[in-house]
Amino acid sequence: MGRPLIFCSVGTRPEAIKMAPVVLELRRYEDVADTVLVSTGQHKEILLQALDTFGIQPDEDLAIMQHGQSLAQVTSRALDGIDGLIQAREPDIILGQGDTTTAFVSALAAFYRRVPFAHVEAGLRTETIDNPFPEEFNRRAAGLVASLHFPPTEWARDNLVREGKDPAKIFVTGNTGIDAVLQAANLTDQRWLPDFKGRLILLTTHRRENWGEPQRRIAEAALAIVNEFEDTLLVVAMHPNPQVREVLCSVLSDHPRVQLIEPPEYASFVKLMQRSTLILSDSGGVQEEAPAFGIPVLVLRETTERPEGVDAGTAMLVGASKEAIIREGRRLLTDREAYRRMAQAVSPYGDGHAAERIRHIVLRSLGVETPEVAS
Ligand code: UDP
């Protein structure tokens with residue numbers, strides 16, 4: 001084989017954040033291999049904003065998004081776009097991340113062209129293929145095709161082994177999201193923080209299963225908490241999705257201790273997390289990142305494909321139940337011992353060296369030996 005060419009494929013903000021450390025790490029070895037960052041453009045501004053934090057941008061941008069597209073249209077446009085790139089540039093391996101349509105399509109395009117596919121953040125599972133929708137399908141399908149699996153934890157590894165995947169192709173690496181969050185936290189330039197002396201509660205919600213009524217209950221619960229605790233400020237980082245915004249604005253506008261803000265770029269968001277006393281979120285990434293700073297998270301979902309945090313005690317599932325959110329929020333804001341137990345639980349998601357492990361294994365699969373990471 002000549003000089004290997006690696007595609008790293010992303011489409012959304014979380015993929016950009018979790019793939020960025022892998023791209024940067026592979027590029028440290030650019031004397032032996034070429035790495036091309038491919039974006040489908042499934043998200044637009046927030047994807048580029050996330051990459052910008054790491055000083056990278058897509059080398060290839062398929063810009064597939066059009067207003068009001070169905071999932072099938074996103075899928076077919078992305079598939080066609082990635083297939084064209086594979087044909088034009090002939091990569092030796094394609095890396096995809098997580099559970100998005102982009103991840104699924106990258107795997108499928110690789111499979112059709114007989115190019116090896118490596119799955120970053122492999123092995124997360126819930127019990128039903130349509131919950132979360134369509135992510136559970138996407139990650140299972142990506143796993144079906146992958147010739148290298150990079151589960152973040154032993155739990156995720158076990159899921160893959162149980163499905164009959166070859167253990168020799170599975171490597172527990174830790175979650176690259178932890179690499180990303182630690183790198184972002186180390187950036188020293190000034191970032192935005194609200195001008196408030198008291199305790200900060202951070203809310204993010206965007207997940208499809210919470211659209212509509214559940215989101216309204218979440219917003220009402222957050223409002224009740226901020227009303228009850230006068231030393232708190234509720235900061236709501238609003239996802240660009242208009243459906244989500246409409247509900248959040250209708251419940252939370254015009255309160256002196258609620259700030260509805262545009263989604264901060266990644267490093268500012270990380271600073272905001274670090275400054276928070278409590279986080280309410282249905283985000284997968286936030287669930288993993290907050291424990292790295294010892295910030296308790298109430299997870300606004302009924303089930304999670306990331307049970308490790310719940311088992312370790314760093315996160316608690318409260319769903320979209322108004323009563324449960326208020327009850328647990330109140331407990332954490334008043335009961336020091338309960339707070340301490342969650343804040344001091346050990347983060348199960350990684351040690352910040354996942355990208356190095358992935359670089360080592362990917363390059364080795366292409367016949368290039370590079371230094372291994374001490375575990
Ligand atoms: N994030 C961000 N700005 C925000 C909200 C989230 O940079 O306003 C980051 C967050 O730290 C995490 C990722 O975006 O790394 C999570 O993205 P999202 O919640 O959209 O997706 P999920 O993780 O649920 O797939």
Side-chain angles (χ1 to χ4, degrees), residues 10-22 42-54 96-104 120-121 124 126 131-136 138-139 142 152 175-185 187 191-194 200 202-211 215 218 234-241 243-245 248 259-276 279-293 295 297 299-301 303-306 309 315 317 347 349-350 352 354:
V10 298
T12 64
R13 173 174 64 192
E15 286 167 282
I17 290 168
K18 289 176 170 176
M19 192 62 95
V22 178
Q42 202 184 323
H43 284 172
K44 289 184 192 161
E45 291 78 13
I46 58 174
L47 173 118
L48 296 175
Q49 192 192 45
L51 290 175
D52 200 43
T53 303
F54 298 90
Q97 200 286 327
D99 57 16
T100 63
T101 301
T102 295
F104 157 57
V120 177
E121 200 183 38
L124 277 60
T126 63
N131 182 17
F133 177 89
E135 290 86 1
E136 184 65 24
N138 288 339
R139 61 179 156 241
N175 198 309
T176 58
I178 302 302
D179 301 24
V181 84
L182 297 178
Q183 286 172 26
L187 295 173
R191 302 287 166 174
W192 176 84
L193 276 177
L200 221 89
L202 177 60
L203 168 65
T204 81
T205 166
H206 70 89
R207 214 157 264 283
R208 195 178 286 256
E209 70 242 33
N210 280 334
W211 287 0
Q215 220 134 42
I218 289 168
L234 175 68
V235 178
V236 187
M238 292 210 292
H239 199 269
N241 185 314
Q243 265 182 277
V244 175
R245 286 179 171 229
L248 292 177
Q259 286 191 14
L260 298 167
I261 60 170
E262 288 305 312
E265 54 78 35
Y266 186 51
S268 295
F269 187 76
V270 170
K271 291 273 183 286
L272 205 54
M273 279 198 287
Q274 289 182 289
R275 164 73 178 81
S276 299
I279 300 178
L280 313 176
S281 182
D282 61 13
S283 158
V286 171
Q287 253 176 88
E288 292 154 353
E289 293 165 341
F293 304 126
I295 315 290
V297 187
V299 179
L300 309 168
R301 298 179 61 186
T303 57
T304 179
E305 59 288 89
R306 295 169 172 86
L317 279 183
S347 165
Y349 294 112

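Just so you know, residue 1 is the first one in the sequence shown, and it goes up from there. In listed order, ligands and their atoms are each counted from 1.
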*Ring geometry between His239 and His43 (parallel below 30°, tilted from 30 to 60°, perpendicular above 60°)*: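 Correct class here is perpendicular.
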Would the distance check show the side chain of [X] and the main-chain N or O of [Y] forming a donor-acceptor pair, the cut-off being under 3.5 Å?
{"X": "Asn210", "Y": "Leu300", "answer": "yes"}
{"X": "Asp179", "Y": "Pro21", "answer": "no"}
{"X": "Arg207", "Y": "Arg301", "answer": "no"}

What residue and atom, counting heavy atoms only, is the protein's closest point to [atom], and at what distance?
{"atom": "atom 25 (O) of ligand 1", "answer": "Pro14 CG, 3.4 Å"}
{"atom": "atom 18 (P) of ligand 1", "answer": "His206 NE2, 3.5 Å"}
{"atom": "atom 23 (O) of ligand 1", "answer": "Gly285 N, 2.7 Å"}
{"atom": "atom 10 (C) of ligand 1", "answer": "Glu289 OE1, 3.4 Å"}
{"atom": "atom 22 (P) of ligand 1", "answer": "Gly284 N, 3.6 Å"}
{"atom": "atom 13 (C) of ligand 1", "answer": "Ile17 CD1, 3.7 Å"}
{"atom": "atom 1 (N) of ligand 1", "answer": "Phe269 CD2, 3.6 Å"}
{"atom": "atom 14 (O) of ligand 1", "answer": "Arg13 NE, 3.2 Å"}

Would [X] count as a polar contact of ligand 1, with the cut-off being nitrogen or oxygen pairs under 3.5 Å?
{"X": "Met273", "result": "no"}
{"X": "Thr204", "result": "no"}
{"X": "Pro263", "result": "no"}
{"X": "Asp282", "result": "no"}

_Candidate list Ile17, Thr53, Val181, Thr204, test side chain to side chain contact (heavy atoms under 4.5 Å, CB included), partner Phe269, passing option_ =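 Exactly one option meets the side chain to side chain contact (heavy atoms under 4.5 Å, CB included) with Phe269, and it is Thr204.
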_Lys18 bridged to Glu15 by N-O distance under 4.0 Å_ =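 Glu15 and Lys18: not salt-bridged.
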*Electrostatic pair Glu262:Arg245 at N-O distance under 4.0 angstrom*: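 Judged by the 4.0 Å cut-off on N to carboxylate O distance, Glu262 and Arg245 do form a salt bridge.
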*Any idea which part of Arg207 is under 4.0 Å from ligand 1, heavy-atom wise: side chain, backbone, both or neither?*
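Arg207 to ligand 1: side-chain contact only, backbone stays beyond 4.0 Å.
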What's the shortest heavy-atom distance between [X] and [Y], and which atoms?
{"X": "Thr126", "Y": "Arg139", "result": "CG2-NH2, 4.1 Å"}
{"X": "Ala292", "Y": "Ile178", "result": "CB-CD1, 4.4 Å"}
{"X": "His206", "Y": "Asp282", "result": "N-OD1, 3.0 Å"}

*May I ask whether Glu288 places a heavy atom under 4.0 Å from ligand 1?*
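Glu288 does not count as a contact of ligand 1 under the 4.0 Å cut-off.
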*Is it true that Pro264 lies under 4.0 Å from ligand 1, counting heavy atoms only?*
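Contact check Pro264 vs ligand 1: positive.
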*Side-chain H-bond candidate by donor/acceptor type, Asn175 with Glu121, under 3.5 Å*: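 Looking only at side-chain atoms, Glu121 and Asn175 do form a donor-acceptor pair, the distance falling under 3.5 Å.
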*Proximal atoms of ligand 1 relative to Ser283 (non-hydrogen, under 4.0 Å)*: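 That gives atoms 16 (C), 18 (P), 19 (O), 22 (P), 23 (O), 24 (O) of ligand 1.
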*Numbered atoms of ligand 1 (with element) below 4.0 Å of Ala237, judged on heavy atoms*: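 Answer, ordered by atom number: 8 (O).
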